Amino acid sequence: MIAPGEWLGLLGGGQLGRMFSHAAQALGYRVVVLDPAPDGPAASVADAHIQADYDDLTGLNKLAQRCRAVTTEFENVPAHSLHALSAHCRVTPGASGVEIVQDRIAEKAFISSQGVPVAPHAAVHSPADLMTVGAHLFPGILKVARLGYDGKGQARVKSIDEALDAFKEFGGVPCVLEAMLDLKQELSVVLARGLDGECAVFPIASNVHHEGILAVTTVDGQTTPLSARATDATLAIARGLNYHGVLCVEFFVLKDGQLLVNEIAPRPHNSGHYTMNACVTSQFEQQVRVMAGLPLGSTRLLTPVVMLNILGDVWYPTADDLQVEPDWSAVLAVPGTSLHLYGKREARRARKMGHVNVIGQTLAQAIAAANQVVRILRLPVAA
Ligand code: ATP
Ligand code: MG
């Protein structure tokens, strides 16, 4: 066990790292962040900041000297950096699991190997690979295999010709071509798996995306046959990866009831932000508990909740570039709201700036209050 008061290390400096730092500090830990940016959301709240690239050996050495455990907040940390750190300190999640999920081709192969279905797809390494893909993959989405996020590195394609153009546009890097599916619903499951293999699963989240970015998450704590299947698949994936840490699996539900895995995030997830105000333990506290070797916390849902993402668009109420501060007082006057802003210096369209959790005694109350916030901030999707 790593006792409160000691240092915990974090690779990555975004909002997930900021919320991790807050949770670690609430438990009495000190946090050192390694992030190449000078004043990112995590570095600006952490107790110490090592400004270095994720593969800078000097920076990684400094991090390893400072702390006995390191975690990550984004999946694109080079796996070899995690591997190098693991010679000196505890690293959760470990390099081998992260390495699989940071490559969509390896990730899909791994998920299938666990008996869990994924979307119909083909790996694309060259234009020749595209020439031979089946017609069932069109219309489809070409996704870069590595380093994509928030819908970046994705192109919707209707034909082989369009796919060839998109592949060229992405610079010929390895991709997957996925069939465009008719989705009934999107779900996600966040869980924590401790150093001893013990798992704690959070209630299932129902997600609505807008332009490829999560907009709304709704959680009522009900279990259904579908949520049980999703939970079982998530547990199988976490065990199959021999994963230690917090992990999220995103699911697609098709019109015919099929449940497929979209992707795995080896870290806390945007669709788990609701846990900050609606569960006994947040996903970030759970991340701290795993790396410190503490018992996992209760994932019990205390109340129905709606999470609304706040993108930079909210600062631009008109079509021009005139920036207007959103009416936070009006948001906070709505009963049940908790506002979380990430301290980003600049509001840009499509950039995640914060989120609002809205709780209610019933799901209907939470939704009604969330829709007041939707109207105040003119969010693109209602709850
Ligand atoms: P993030 O990191 O935010 O999860 P990402 O860049 O990894 O995003 P995906 O999760 O692959 O992107 O896709 C984002 C969203 O686009 C999905 O949640 C879904 O709404 C839609 N989408 C992706 N793939 C498909 C598909 N094959 N069929 C239908 N919709 C899809
Ligand atoms: Mg996704």
Side-chain angles (χ1 to χ4, degrees), residues 12 14-17 72-77 98 100-108 111-112 116-124 133-158 162-163 166 170 173-190 204-218 230 234 237 246-256 258-273 283 307-312 342 350-353 355 380-381:
Q15 63 265 19
L16 299 175
T72 67
E73 63 107 45
F74 83 129
E75 57 240 57
N76 295 322
V77 170
V98 173
I100 292 172
V101 304
Q102 62 188 195
D103 180 323
R104 288 186 194 275
I105 299 170
E107 178 184 42
K108 282 179 165 39
I111 296 164
S112 304
V116 178
V118 296
H121 68 281
V124 181
V133 296
H136 68 292
L137 296 183
F138 295 104
I141 308 186
L142 189 75
K143 301 180 178 181
V144 293
R146 305 180 76 91
L147 304 173
Y149 69 99
D150 287 351
K152 292 181 180 66
Q154 301 197 2
R156 302 194 167 200
V157 291
K158 289 199 268 322
E162 284 187 18
F170 292 150
V173 296
C175 290
V176 289
L177 176 65
E178 253 177 68
M180 184 68 155
L181 302 167
D182 201 4
L183 306 183
K184 184 164 95 184
Q185 207 189 355
E186 291 191 66
L187 301 173
S188 57
V189 176
V190 175
I204 196 160
S206 174
N207 304 315
V208 178
H209 291 76
H210 179 71
E211 294 173 351
I213 304 178
L214 182 64
V216 182
T217 294
T218 306
T234 307
I237 286 168
V246 173
L247 163 148
C248 174
V249 178
E250 297 176 27
F251 293 91
F252 292 149
V253 184
L254 306 191
K255 295 266 155 72
D256 65 4
Q258 268 189 78
L259 182 73
L260 307 178
V261 169
N262 171 24
E263 60 176 351
I264 304 167
R267 50 171 172 77
H269 192 260
N270 196 164
S271 67
H273 290 357
Q283 61 172 348
M307 190 281 314
L308 303 169
N309 256 354
I310 301 172
L311 303 186
Y342 308 146
R351 186 179 202 201
K352 289 177 180 170
M353 300 296 291
H355 67 274
V381 182

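Please read all numbers here as calculations on a predicted model, not as lab measurements. All ligand and atom numbering here is 1-based and tracks the order in the structure.
Per-residue contacts place Glu250 under 4.0 angstrom from the following atoms of ligand 1 (heavy atoms of the residue considered): 4 (O), 10 (O). The ligand atoms of ligand 1 that sit less than 4.0 angstrom from a heavy atom of Phe252 are 19 (C), 22 (N), 23 (C), 24 (N), 25 (C), 26 (C), 31 (C).
A heavy-atom distance below 4.5 Å is found between the side chains of Leu260 and Leu181.
Ligand 1 has at least one atom lying under 4.0 Å from a heavy atom of Ala179. At least one heavy atom of Gln154 sits closer than 4.0 Å to an atom of ligand 1. Residue contact annotation: Gly212 has a non-hydrogen atom under 4.0 Å from ligand 1.
Contacts between Met180 and ligand 1, counted as non-hydrogen atom pairs separated by less than 4.0 Å, involve both the backbone and the side chain. Of all the heavy atoms of Ile141, the ones lying under 4.0 Å from any atom of ligand 1 belong exclusively to the side chain. Residue contacts with ligand 1 for Arg104 involve side-chain atoms from C-beta outward but no N, CA, C or O (heavy atoms, distance under 4.0 Å). Residue contacts with ligand 1 for Asn270 are absent, since no atom lies close enough (heavy atoms, distance under 4.0 Å). For Asn262, every heavy-atom contact with ligand 1 shorter than 4.0 Å involves the side chain, none the backbone.
Using a cut-off of 4.0 Å between Lys/Arg side-chain N and Asp/Glu carboxylate O, Arg104 and Glu178 are scored as not salt-bridged.
Counting heavy atoms only, Arg156 comes closest to atom 21 (C) of ligand 1 of the residues Lys143, Glu178, His209, Arg156.
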